Amino acid sequence: MKLATWNVNSLAVRLPQMLDWLQTHPVDALVLQETKLTDDKFPAAEIQAAGYHVHWFGQKTYNGVALISREPVAADTVLRNIPGFPDEQARVIAGTLGSLRVIGAYFPNGQAPGSEKFAYKMAWLEALRAWVAEELKQHAELVLMGDFNIAPEDRDVYDPVAWADQIHCTVEERAHFQALLGLGLVDAFRLFEQPPKSWSWWDYRNLAFRKNQGLRIDHILVSEALRGRVSACEIDKQPRRNERPSDHAPVVLSLGS
DNA sequence: ATGGTCGGCCACCGA
């Protein structure tokens, strides 16, 4: 089976591109971030007409996530945001597909080290880790994927010197990423040899995509029980070449039986 | 050439 994550940066703008992509990449599940839609405006009918089931969780203007799947995800398995962590911001959606627990997340950006938004990012990361630890007790087969807004290592950054201690690259953010791995999760992308300078996000500014100046901040983490079944994990740069692209590329995971 | 972007939504903020 195939699973994917994509920060679409406004589903209202990107819906046609997303449906096109699903046609050529018929994944079993796709999690979206930054839908930027209130729930009443979510294009469920269009997604269902394309042959998919979907659960969604949004808000006005910012954030917003969705879980799209070929097979239905039972509503009583769906969680929105982190239990016990009151949050105005719609960032997490989880659901169960067969024996597989799928968590899609839009991690806080954090703006800049020392800012209020950075403090929120740290608190959110702490709550996420504690919750995912609980989820792992109930679901041996678990995938955590989304826009982490963390570049785990210097090789995930086009200019690690310029980005040293900047947002996405601080010691604190990287420690949180490692703590997630410490729960027994594996960065599926790094299970394989990958092209050097593999990024998942390129700033709209400064011709960053043309110059391949990006960061790898979108990730798919899999639990130990799934590790042996992972047959591929790739970033699909093609949609970033579209007209009016998202600034993020999808990341795709292939899982054997 | 030292700037150069988007999206949401209308004056800027957030990324």
Side-chain angles (χ1 to χ4, degrees), chain A residues 5-21 31-43 46-47 56-66 81 87-93 104-125 128 145-152 156-170 172-174 176-177 199-219 235-251:
Chain A
T5 176
W6 194 3
N7 180 325
V8 291
N9 185 21
S10 169
L11 188 57
V13 173
R14 234 66 68 187
L15 179 65
Q17 290 181 43
M18 191 208 73
L19 293 174
D20 283 350
W21 189 84
V31 291
L32 304 179
Q33 302 89 40
E34 287 206 87
T35 56
K36 297 187 176 178
L37 291 169
T38 52
D39 288 342
D40 59 304
K41 297 217 169 67
F42 191 86
E46 289 89 336
I47 293 168
W56 60 96
F57 179 42
Q59 65 180 95
K60 189 176 161 64
T61 308
Y62 303 117
N63 309 312
V65 287
N81 271 356
D87 196 346
E88 305 284 299
Q89 306 183 27
R91 295 187 172 278
V92 179
I93 190 159
Y106 176 47
F107 290 43
N109 175 286
Q111 194 175 54
S115 67
E116 271 184 38
K117 292 193 176 78
F118 190 82
Y120 165 73
K121 183 174 195 172
M122 292 297 115
W124 189 94
L125 284 163
L128 178 80
M145 56 185 172
D147 175 359
F148 283 50
N149 274 313
I150 301 173
D156 300 311
V157 181
Y158 72 95
D159 186 347
V161 174
W163 280 79
D165 304 316
Q166 302 301 304
I167 198 63
H168 310 307
C169 303
T170 64
E172 294 97 320
E173 292 164 278
R174 288 177 170 178
H176 271 289
F177 189 87
W199 325 125
S200 68
W201 169 82
W202 300 258
D203 201 306
Y204 285 124
R205 294 166 286 192
N206 309 321
L207 305 173
F209 185 68
R210 271 185 40 147
K211 297 190 276 191
N212 197 30
Q213 297 181 339
L215 307 178
R216 191 177 72 95
I217 55 177
D218 300 84
H219 306 295
I235 298 167
D236 181 8
K237 283 176 76 166
Q238 196 57 42
R240 189 64 177 79
R241 301 187 178 103
N242 291 347
E243 278 188 47
R244 285 191 93 184
S246 169
D247 45 352
H248 294 254
V251 186

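Per chain, numbering begins at 1; letters A, B, ... match sequence-line order. All figures in this text were calculated on a predicted structure; none of them were measured in a lab. Scope of the values below: all heavy atoms of this structure, side chains included, with no hydrogens, waters or symmetry mates.
- For the pair A:Arg244 and B:dT5, the criterion of a side-chain N or O lying under 4.0 Å from OP1 or OP2 is not met.
- Rounded to an integer number of Å, the gap from A:Asn63 CG to B:dG8 C1' is 13 Å.
- Between A:Gln59 and A:Lys36, the closest side-chain pair of non-hydrogen atoms is not below 4.5 Å.
- When the P atom is used for both B:dG3 and B:dG7, the distance is 25 Å, rounded to whole Å.
- One finds no side-chain N or O of A:Lys60 lying less than 4.0 angstrom from the OP1 or OP2 phosphate oxygen of B:dG8.
- Contact of the A:Pro152 side chain with the A:His219 side chain is registered, since non-hydrogen atoms from C-beta on lie closer than 4.5 Å.
- In this structure, CD of A:Gln59 is placed 12 Å from C1' of B:dG14, rounded to the nearest angstrom.
- A:Trp56 is not listed as a side-chain neighbour of A:Leu11, based on a closest heavy-atom distance of 4.5 Å or more.
- Rounded to a whole angstrom, the distance from the C1' atom of B:dT2 to that of B:dC6 is 22 Å.
- Between the CH2 atom of A:Trp201 and the C1' atom of B:dA15 there is a distance of 8 Å, rounded to whole Å.
- Residues A:His248 and A:Asp203 both approach DNA chain B. Their nearest nucleotides, taken by heavy-atom distance, put A:Asp203 toward the 5′ side.
- Mapping A:Asn9 and A:Leu207 onto DNA chain B via the closest heavy atom, the residue that lands nearer the 5' end is A:Leu207.
- Nucleotides B:dA15 and B:dC9 are separated by 15 Å at their P atoms, to the nearest Å.
- Taking 4.0 angstrom as the limit, A:Thr61 places a side-chain polar atom (N or O) nearer than this to OP1 or OP2 of B:dC9.
- To the nearest angstrom, P of B:dG14 lies 15 Å from CG of A:Asn149.
- In this structure, the side chain of A:Arg14 engages the main chain of A:Arg244 through a donor-acceptor pair within 3.5 Å.
- No donor-acceptor distance shorter than 3.5 angstrom exists from the side chain of A:Asp147 to the backbone of A:Tyr106, with no hydrogens or angles considered.
- In this structure, the nucleotide among B:dA15, B:dG14, B:dT5 sitting nearest to the side chain of A:Tyr62 is B:dG14.
- Taking atom CD of residue A:Gln17 and atom P of nucleotide B:dC6, one finds them 13 Å apart after rounding to whole Å.
- Atoms OH (A:Tyr120) and C1' (B:dG14) sit 13 Å apart, rounded to a whole Å.
- With B:dG4, B:dG7, B:dG14 as the candidates, the nucleotide lying closest to the side chain of A:Arg14 is B:dG7.
- Within 6.0 Å of the CZ atom in A:Arg210, the count of heavy atoms belonging to other residues, nucleotides or ligands does not exceed 12.
- The same atom, P, is picked in B:dG4 and in B:dG8; the two are 22 Å apart, to the nearest Å.
- At a threshold of 4.0 angstrom between heavy atoms, the contacts of A:Asn109 are confined to the sugar-phosphate backbone, with no base atom among them.
- Across the protein-nucleic acid pair, A:Ile217 atom CD1 and B:dG14 atom P stand 18 Å apart, rounded to whole Å.
- Atom CG of A:Asp247 and atom C1' of B:dG8 are 14 Å apart (whole Å).
- Heavy atoms of A:Arg210 sit nowhere under 4.0 angstrom from any nucleic acid atom.
- Among the protein residues, A:Tyr106 comes within range of the sugar-phosphate backbone only, with heavy atoms under 4.0 Å from sugar or phosphate atoms but none that close to a base.
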